[in-house]
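One structure below.
Naming convention: chains lettered A, B, ... in sequence-line order (proteins, then strands); numbering from 1 in each chain.
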Amino acid sequence: MIELTEVSKAFNQGQPNECRALRHVSLTLERGGITVFKGPSGSGKTTLLTLVGCLARPTAGRITLDGRLLSNLPERFLTEVRRHTFGFVFQQFNLIRGLTVLDNVMLPAYPLGQPHWELVNAARILLDRFGLTAKATSRVEWLSGGEAQRTALARALINDPAVLIADEPTANLDSALSREVLALLGELATQGRTVFISSHDPLVFEAAHVNRIVELHDGQIAGDCRC
Amino acid sequence: MLITPAIVALQGIALSVAGTVLLASGFAGRILRRWDIHSGSELQLRMERQTYLISTLIGFALGAELLSLLLFVHTAESLSSQFVGAMCATGVLNVNAFGFPTLLLKIAVFFLAALWLLLNRVDNRGYDYPLVRVKYGLLMVIAPLAVAEGVVQTSYFLGLTPEVITSCCGSLFSSESKGVAAELAGLPPWPTLVLFYAAVLLIAAAGVAFLRWLGLGPLFATLSLLGFAVAIAAIIAFLSLYVYENPNHHCPFCLLKVGYDYVGYALYLPLFAAAAMGLSAGVIAPFRRIASLQAVIPGEVRRLTALALVGFGLFYALATWLVLRSNLILLG
């Protein structure tokens, strides 16, 4: 369970262009299912997910994971939590150009130091699961949008995280591909993973597998609906 | 004032260390007053982020401070040819009233800096900043000493004028003189020798017991410092006599000369390192009950204790060898 207490996040704090992306957000996120964070651009969805996923630290407030305080952990401990608990799918996919699909998928697991053959096997299983076996040795810049998104999903799962965080996963996809990605995310949720999605795409928050929709507006929670 | 690369380096280190710890002591004061790990306030989170940067900067500054003690002694020794009457570092430190106070301050800061660096190392391995108040509290103790060292050392170097006729070690470390040095030089060899070896037996016994029972930390820390003091006294009282093969030459600095194969460095380096690690191990051990350090401290303390014992062992082995190989018959 992830709990946010009075969490605020400011960028350029103390500068004339200070931006308060989140203001006193308190929220409890249970394990399992799909939770969608919806809201217009600038509402704080992505910021909230980066805080939950330990990619950034709050300016004020506390975040706990299963009762353990996350938001004040020194970086070396935070890295461990991030690596083992969270998988990330970014809006722009953030695949490393020049590397193959297989290499991109294996990349987040390198710091863990498991044997290379084991890593290759795990990556190939994921590629097979997402229908990318034939593309394993292709460079990622040659992939279509749907293939790139599925590669990003496979990469997010290489460390077998309990929580998958997807930031606007359908933003660069057409409706058919969006439904395909949502079906994959739904499948992951039914297998017991927790999935957090930020989106302002109606296709996402109307999807069948969504359990909860949290609405954000101007950095504050504007609605919380359990489906 | 003499200007040599070493003096410029020493001044650079002393002033930057003093400046760094002085600036950091403002932050340390805020930590001591306002730190609350359970709070999610902006101030608390800002302090949590700032402590990374400030601890890193202090770590570099105090690391340089450790090296500066060695450089200071080496510089004092190397300048001995520049002053009339100076035969070794003693004469150079005696050129004005600030030489020996600088050395003593540097030794005090050396031990506190070593302790701070090891506390910081342990603190960084706990997930909830377990020793943050302790290490910044210690910084508040180091800050005035580091500033005093900067001021006294600057006064010392500013007063280093080649026309000064100084006095050599023979007059300072002589049983006929007055002062602490003369008192140490006048210690009777036999009782000092017995005390010298009794100290190492005590340290070894306490160290071995401390490896098993970590509750003996304060005892081992105290014995490490006492052992250091006894070793310095023994060097002045009798060990130096064996090295120089001269029953009246008690100087602890001439040991650093090429004529004696720089044997002083081989004696002092393990001695200072051992005392610093023994002190730190004993001070750190009581924090082993903190939940986030329970898995860290036993290993760290045992490693430091073992290293301290090795350091004392090296010092005593070399000292014993120097006595045995000497042609001087002091104790019949």
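Taking NE2 of B:His38 as the reference point, atom CG of A:Asn72 lies at 9.5 Å (rounded to 0.5 Å). The distance from atom CZ of A:Arg76 to atom OH of B:Tyr127, rounded to the nearest 0.5 Å, is 14.5 Å. Rounded to the nearest 0.5 Å, atoms OG (B:Ser41) and CZ (A:Arg62) are 8.0 Å apart.
For the residue pair A:Pro74 and B:Gly126, the shortest heavy atom distance occurs at CG-O, 3.9 Å.
Within residues 49-64 of chain B, the residues having any heavy atom closer than 4.5 Å to a heavy atom of chain A are B:Arg49, B:Tyr52, listed by residue number.
The part of A:Ser71 that comes within reach of chain B is its backbone (N, CA, C, O), which places non-hydrogen atoms under 4.5 angstrom from that chain. For B:Ile37, the parts lying near chain A are the backbone and the side chain together; criterion is any non-hydrogen pair under 4.5 Å. Heavy atoms closer than 4.5 Å to chain B are found in the side chain of A:Leu69, but not in its backbone.
Environment of NE2 in A:His209: crowded, with over 12 heavy atoms of neighbouring residues, nucleotides or ligands closer than 6.0 Å. Applying the 6.0 Å contact sphere to CZ of A:Arg124 captures no more than 12 heavy atoms from other residues, nucleotides or ligands.
No salt bridge links B:Glu42 with A:Arg57; every basic N to acidic carboxylate O contact stays at or beyond 4.0 Å.
If you tally non-hydrogen atom pairs under 4.5 Å between each of B:Arg46, B:Gln44, B:Arg125 and chain A, the highest count goes to B:Arg125.
Residues B:Leu45 and A:Pro58 have side chains in contact (heavy-atom distance under 4.5 Å, counting atoms from C-beta outward).
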